[in-house]
Amino acid sequence: MNTGRPELPKNYDPAEVEPRLYERSLEAGVFHENPDPARPPFIISMPPPNITGRAHLGHGSTYTTMDVLTRYHRMLGDNADWLPGQDHAAIATETVLVRALAEEGQTRAGLGREAFLARAWQWREQYGGAINESFERLGFGPDWERERFTMDAKLSEAVVKVFVDLYNDGLIYRGTRLVNWDPKAQSTLSDAEVENDEIDTSLWHLRYRAEDGGEGLVVATTRPETFFGDVAVVVHSDDERYRHLIGKNVILPLVERPIPVLADDVVEAGFGTGAVKVTPAHDATDYEIGQRHGLPMPTVIDFAGRISAPLWRYDEAAEKRAPIDAQAARMAPYVGLERDEARARVVADLRAAGALAREEPYRTKVPVSSRSHAVIEPLLSLQWFVAMESLAKPALEAYRKGELRFVPERFGRTYEAGLETLRDWNVSRQVWWGHQLPVWYTPADDVIVAHDEEEARRMARERYGSDDLRRDPDTLDTWFSSGLWPFSILGWPEQTPELAHWYPNQVMITSRDIIFLWVSRMVMLGLRFVGKVPFETVFVTPLVFDIQGRKMSKSLGNAIDPMTELVPKYGADGTRLGILRQMRLESQELRFDERYCDEAKRFATKLWNALRYTVALDEGLPGANVLPPHERLTLADRWILTELRRMVETVTNAYDGFEFGVAADALLQFGWYTFCDWYVEATKAPSQRDSRAAVLSFVLNTFVRAMHPIAPFVSEEIWLNLPHDGATIVTASWPDVAEIPAFPEDAGAFRAVIEKVEQLRNARAEWAIAPKESMRVEVPASLAGESGVVEAIATLARAEIATYDDARDGTRDGALRERIAGIRAVADSAKLRERYAREIARLESEVARSEKKLANESFVARASADVVGAERAKLDGYRRELQRNQDALAALAA
RNA sequence: GGGCGCGUAGCUCAGUGGGAGAGCACCACAUUGACACUGUGGGGGUCAGAAGUUCAAUCCUUCUCGCGCCCACCA
């Protein structure tokens with residue numbers, strides 16, 4: 001089919017083309033697939049963005065690669081599908097909602113659970129889809145018909161089933177443990193959601209005098225306000241300074257409470273004072289020390305992050321605090337103070353009491369919530385936990401047996417390290433937005449875990465003769481439901497065709513910061529509940545940094561929103577290609593440089609103009625992908641086809657190996673510099689006329705198919721304007737290298753033409769021949785019949801051709817490359833002499849270098865035969881070329 | 001403390017055990033059958049430093065220095 005000669009605009013306008021073609025794809029339904037066991041599956045589960053999320057540059061790298069691979073495998077004919085969805089993002093969403101309520105003067109408690117949740121759903125309907133619009137604008141083509149939400153009814157059923165099964169298997173339990181408390185979000189957090197921020201603070205040295213009137217000791221601490229909760233001081237058992245105190249008591253200042261000095265070898269004698277205060281209820285290390293020594297664990301900071309009267313024993317049933325001793329009175333002035341206020345007050349009072357031995361500036365790390373960035377308070381609380389050991393073990397084994405592969409490989413060690421040191425997972429959260437625990441309590445606090453309330457009541461009646469129950473108000477950690485993602489979205493626990501053919505997924509793509517926050521949990525839960533790893537390969541993309549090498553973040557103000565800052569300027573194609581160009585497999589950071597997007601945008605225009613040139617040819621275009629018989633292909637045709645084939649091989653291998661930067665480089669290199677700059681120019685020679693329309697059309701068609709996964713829009717717009725088979729490039733076939741003829745020898749000869757043209761252009765610049773003037777060039781008479789060569793030189797170098805008799809120098813019967821090398825510029829003898837002289841000097845030094853190398857006996861003896869042979873061939877070439885230049889110079893003198 | 005990545009042209013980065021590359025920026029020239037969102041030519045680098053392995057090191061090994069990230073109970 002011939003597209004005729006449409007009037008194409010001079011500039012390519014992504015803003016017009018991209019939305020139009022995306023809409024076209026949606027209407028054609030090309031992103032939707034059903035399981036087809038006849039074809040190999042290629043399935044990627046989209047890491048579900050938060051419903052509060054906005055597109056950021058991380059999506060530009062991570063999500064673009066998913067789109068690229070899905071499009072690529074679809075073109076290969078695979079049963080390819082990219083499964084999208086969203087995460088309810090419990091704490092993040094609740095934070096947004098609470099803030100919105102506050103602006104209206106309302107509170108969560110004031111609204112009540114039911115009304116709050118109604119509002120949350122309404123919010124999700126209204127704003128939760130914003131990120132999808134960004135994804136569409138970026139050209140992402142997931143199977144929107146299969147979109148899932150972690151709180152969909154079906155997915156929630158899966159969550160409940162997993163919880164109930166794990167509980168019944170003894171892997172979920174309730175207990176009082178030290179947890180990470182976020183006083184701002186008013187909820188616990190898992191270890192994985194806690195980050196460490198560096199801060200400048202002080203190291204305070206506190207003097208605890210001995211009970212027996214002796215000297216006592218000095219402890220060093222960064223948190224003096226916790227000293228109310230101290231129950232011991234520990235020292236290293238070998239530490240001579242303190243050995244005499246072990247077993248004796250020291251007195252806490254201000255509150256005048258005696259605590260024992262104990263030996264524990266976790267202490268490093270060399271740090272601080274070598275004596276450590278132990279506050280088991282508010283520090284993870286101290287908690288472990290407390291457990292080892294059977295110490296009491298008084299809580300002195302409450303859920304609001306304020307100092308509270310000491311709670312010596314955790315009252316599980318009521319979660320009430322009961323101050324029981326005389327300490328309460330002495331602590332009274334501090335009770336109710338925020339942690340920071342309390343610290344200042346305590347330090348001042350200790351100083352006044354002579355108990356502050358020293359204060360030195362100190363840089364340390366504080367745990368903060370990865371969501372709210374509030375400083376975490378470790379405290380004791382009654383929560384629900386998942387026992388990790390028996391889940392982690394199979395996940396480690398699966399990796400070690402090779403059932404799971406990381407790209408790059410080294411991230412497997414990150415995965416292993418995370419699983420080896422896993423502590424039990426605190427899964428209960430005190431927010432309302434999320435999956436409420438399927439847990440009920442009797443009035444006597446007996447626990448019932450059931451799939452729904454009806455079942456819970458039935459169980460209660462059977463066991464206790466009454467169905468008087470209250471439900472646990474807590475919800476599950478967001479990552480509990482996302483841990484099921486690769487199978488819950490396929491319909492599990494139902495045995496659906498999707499689950500049968502599409503699980504395990506082929507690839508999971510994510511960034512390294514959530515390898516054990518998320519990836520390891522999917523593996524553990526997938527193995528436990530489906531019996532197989534959820535994906536075969538985990539591809540870890542680099543993190544995006546700004547050009548100064550700082551991590552992109554909203555708080556730093558250096559985050560780039562691709563929707564407002566890149567897509568309007570460069571189009572989705574330019575944004576995608578620009579980002580992917582910067583991705584390198586082994587690099588763990590991508591220092592984003594917008595110049596690549598600009599280059600990519602100009603590339604689209606360049607290709608667009610190559611299309612305009614092609615479709616405007618007088619002779620018109622033949623049908624899609626039809627090449628003339630080989631004997632009618634010119635040297636230039638043979639060269640571009642050979643290069644095309646090489647490019648397709650490179651790009652194919654690159655996609656298969658997650659080398660997106662390599663693929664993007666190869667496309668740009670070929671499309672711009674090989675195809676536009678050389679081949680398109682070469683077709684302007686008369687001798688190209690018979691074949692050029694077919695070859696241009698063939699090469700462009702093949703090229704845009706290879707580029708389609710990365711730049712879906714400009715590739716399709718070009719493809720639609722060329723003769724093509726099928727309705728859309730999205731479902732066109734991936735270029736088959738077997739259908740691209742290659743002619744290595746002729747390609748080599750054309751490369752010699754290119755080299756010669758570059759030399760001639762160089763001479764033109766040197767001799768200041770104006771571009772519009774043609775320069776005079778002589779070709780060996782033996783090339784006279786080679787119109788492909790002679791006309792290419794005439795066209796590309798803008799030369800006026802004469803011939804010279806090459807019978808004398810013996811190149812007449814040489815290879816085509818040799819004769820092409822004999823083409824020479826004509827100028828006045830002074831200019832030529834200068835040029836020949838410079839060329840001779842260059843060649844002489846090359847010959848000398850090569851001769852010296854070959855004269856080195858150990859080189860000839862020890863280097864491989866190939867290397868030595870290549871060096872000899874190189875030397876021969878240099879010598880011949882040197883000879884030719886010397887002859888030319890001599891002839892000039894004569 | 002442990003682990004990882006990175007130091008190549010002014011900037012951002014490719015690259016290879018055997019003659020140092022791209023884009024951008026810079027300089028000069030140019031409107032040749034698509035393209036000024038263009039073309040052609042040019043200047044610019046002791047490949048962080050040192051030692052070792054090798055016939056040969058920018059590339060492999062070790063160490064040093066610098067930048068960045070992750071993990072860990074130095075209070």
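Excluded from the calculations below are hydrogen atoms, water molecules and symmetry mates; all remaining heavy atoms, backbone and side chain alike, are included. Convention: sequence-line order gives letters A, B, ...; per-chain numbering from 1.
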Q.
If I take atom OH in residue A:Y673 and atom P in nucleotide B:rU38, what distance separates them, rounded to the nearest angstrom?
A. 9 Å
Q) Could you give the CG-to-C1' distance, from A:L585 to B:rC13, as a whole number of Å? A) 16 Å
Q | Check: B:rC13 base within 3.5 Å donor-acceptor of A:Q582 side chain | A | no
Q: Identify which nucleotide among B:rG68, B:rC4, B:rG33 has an atom closest to any side-chain atom of A:R410, counting heavy atoms from C-beta outward.
A: B:rC4
Q: Tell me which nucleotide among B:rG33, B:rC55, B:rC69 gets nearest to the side chain of A:K684.
A: B:rG33
Q) Nearest-Å distance, CZ (A:F545) to P (B:rG68)? A) 10 Å
Q. Do the side-chain N or O atoms of A:Y12 get closer than 4.0 angstrom to the phosphate oxygens (OP1, OP2) of B:rA34?
A. no
Q. When you check the phosphate oxygens OP1 and OP2 of B:rC13, does a side-chain N or O of A:R591 lie under 4.0 Å from one of them?
A. yes
Q.
Please determine whether a side-chain nitrogen or oxygen atom of A:T364 lies at a distance below 4.0 Å from atom OP1 or OP2 of B:rA75.
A. yes
(Q) Students often get this wrong, so: under 4.0 angstrom with heavy atoms, is A:A417 touching a base, only sugar-phosphate, or nothing? (A) nothing
(Q) For A:K684, is there any backbone N or O sitting under 3.5 Å from a side-chain donor or acceptor partner on A:T795? (A) no
Q: Using the P atoms only, state how far B:rC37 lies from B:rA25, rounded to an integer number of Å.
A: 12 Å
**Q.** Pairing partner (Watson-Crick or G-U wobble, both distances under 3.5 angstrom) of B:rG52
**A.** B:rC60
**Q.** Watson-Crick or G-U wobble mate for B:rA36, both contacts under 3.5 Å
**A.** none
Q: Could you check whether A:Y362 gets within reach of a base, just the sugar-phosphate, or nothing at all, counting any heavy atom under 4.0 Å?
A: sugar-phosphate
Q. Within the modelled atom types, does a donor on one side and an acceptor on the other bring the side chain of A:E681 and the base of B:rA34 under 3.5 Å apart?
A. yes
Q) Do any side-chain nitrogens or oxygens of A:W672 fall under 4.0 Å of OP1 or OP2 in B:rG39? A) yes
Q: Using a heavy-atom cut-off of under 4.0 Å over every strand shown, decide if A:E268 touches base, sugar-phosphate, or nothing.
A: base
Q: Please confirm whether A:F516 and A:Y415 have ring centers closer than 6.0 angstrom.
A: no
Q: Pick base, sugar-phosphate or nothing for A:E766, based on heavy-atom distances below 4.0 Å to the nucleic acid.
A: nothing
Q) What does A:E599 touch in the nucleic acid at a heavy-atom separation under 4.0 angstrom: a base, only the sugar-phosphate, or nothing? A) sugar-phosphate
Q | P spacing across the pair B:rA28 / B:rU32, given as an integer number of angstrom | A | 22 Å
Q | C1'-based separation of B:rG23 from B:rG15 [nearest Å] | A | 15 Å
(Q) Can you measure A:D598 atom CG to B:rC24 atom C1' for me and round it to whole angstrom units? (A) 9 Å
Q.
Roughly how many Å apart are B:rG66 and B:rU46, using the P atom of each and rounding to a whole number?
A. 23 Å
Q. Which comes earlier along RNA chain B counting from the 5' end, the contact point of A:R842 or that of A:A685, where each point is its nearest nucleotide?
A. A:R842
Q | From B:rG23, B:rA72, B:rU12, nucleotide with atom closest to A:K365 side chain | A | B:rA72
Q. Where the side chain of A:R512 is concerned, which of B:rA75, B:rC70, B:rC24 is the nearest nucleotide?
A. B:rC70
(Q) With ring-ring contact (aromatic ring centres under 6.0 Å, His included) as the test, pick out the partner of A:W608 among A:F713, A:Y12, A:F603, A:Y613. (A) A:Y12
(Q) Using whole Å, what does the distance between atom P of nucleotide B:rU12 and atom CD1 of A:I579 come to? (A) 18 Å
(Q) Less than 6.0 angstrom separating the ring centers of A:F670 and A:F703, yes or no? (A) yes
Q. Where the side chain of A:Y596 is concerned, which of B:rU40, B:rC13, B:rC35 is the nearest nucleotide?
A. B:rC13
Q | Nearest-nucleotide pick for A:R595, side chain only, options being B:rG68, B:rG18, B:rC24 | A | B:rC24
Q) Could one point to a donor on the side chain of A:K10 or the base of B:rC35 with an acceptor on the other under 3.5 Å away? A) no
Q.
Side chain of A:K874, heavy atoms from C-beta onward: which of B:rG18, B:rA34, B:rC37 has the nearest atom to it?
A. B:rG18
Q: Could you work out the separation of B:rC13 and B:rU58 based on their C1' atoms and round it to a whole Å?
A: 15 Å
Q.
Taking B:rU12 as the reference, what is the distance to B:rG45 when you measure between their C1' atoms (whole Å, please)?
A. 16 Å
Q) Distance-only, no hydrogens or angles: does the A:N609 side chain make a donor-acceptor pair with backbone N or O of A:R612 under 3.5 Å? A) no
Q. At under 4.0 Å between heavy atoms, what does A:A284 touch on the DNA or RNA strands: base, sugar-phosphate, or nothing?
A. nothing
Q. Under 3.5 Å, is there an N or O donor on one side and an acceptor on the other linking the side chain of A:R692 and the base of B:rG33?
A. yes
(Q) Go through it in stages, so that I can follow the logic: the residues are A:D230 and A:Y208, the test is side-chain contact (heavy atoms from CB on, under 4.5 Å), and I'd like the CA-CA distance, side-chain angles, deciding distance and then a yes or no. (A) CA-CA 11 Å; A:D230 285 8; A:Y208 291 0; 2.7 Å; yes
Q.
Nearest to the A:N856 side chain among B:rG68, B:rC55, B:rC74, which nucleotide is it?
A. B:rC55
Q: Find the partner of B:rC69: check Watson-Crick (N1-N3 plus N6-O4 or O6-N4) and G-U wobble (N1-O2, O6-N3) distances, both under 3.5 Å, and reply none if neither fits.
A: B:rG3
Q) Touch check for A:V267, heavy atoms < 4.0 angstrom, all strands: base, sugar-phosphate only, or nothing? A) base
**Q.** SB check A:E643 A:R751 (cutoff 4.0 Å)
**A.** yes
(Q) Without decimals, in angstroms, what is the distance between A:D546 CG and B:rG68 C1'? (A) 12 Å
Q) Distance check: side-chain N/O of A:N762 vs OP1/OP2 of B:rU40, anything under 4.0 Å? A) no
Q) RNA chain B: A:S587 or A:K853, which has the more 5' nearest nucleotide? A) A:S587
Q: Could you give the distance separating B:rG68 and B:rC26 at their P atoms, to the nearest angstrom?
A: 30 Å
Q: Indicate, with a heavy-atom threshold strictly under 4.0 Å, whether A:D283 touches base, sugar-phosphate, or nothing.
A: nothing
Q: Between B:rC13, B:rG23, B:rG42, spot the one nearest the side chain of A:R584, thanks.
A: B:rC13
Q. Taking the inter-plane angle between the rings of A:F539 and A:F660 on a 0 to 90° scale, is it parallel (under 30°), tilted (30 to 60°) or perpendicular (over 60°)?
A. tilted
(Q) Tell me if a side-chain donor or acceptor on A:R764 pairs with a main-chain N or O of A:A770 at a distance below 3.5 Å. (A) yes
(Q) I'd like to know if the side chain of A:S850 and the backbone of A:E846 have a donor-acceptor N/O pair within less than 3.5 Å. (A) no
Q.
Mind checking if A:R849 touches a base, just sugar-phosphate, or nothing, with heavy atoms under 4.0 Å?
A. base
Q: Check whether any side-chain N or O of A:R581 sits under 4.0 Å from OP1 or OP2 of B:rC13, and answer yes or no.
A: no
Q) Using purine N1 to pyrimidine N3 plus N6-O4 or O6-N4 for Watson-Crick, or N1-O2 and O6-N3 for G-U wobble, both under 3.5 Å, which nucleotide pairs with B:rG41? A) B:rC27
Q: Taking only the side-chain heavy atoms of A:V680 (C-beta and beyond), determine which of B:rA34, B:rC69, B:rC73 contains the nearest atom.
A: B:rA34
Q | Touch class at under 4.0 angstrom, heavy-atom based, for A:F516 against every strand present | A | sugar-phosphate
Q. Rounding to the closest angstrom, what is the interatomic distance between B:rA22 and B:rG17 at atom C1'?
A. 23 Å
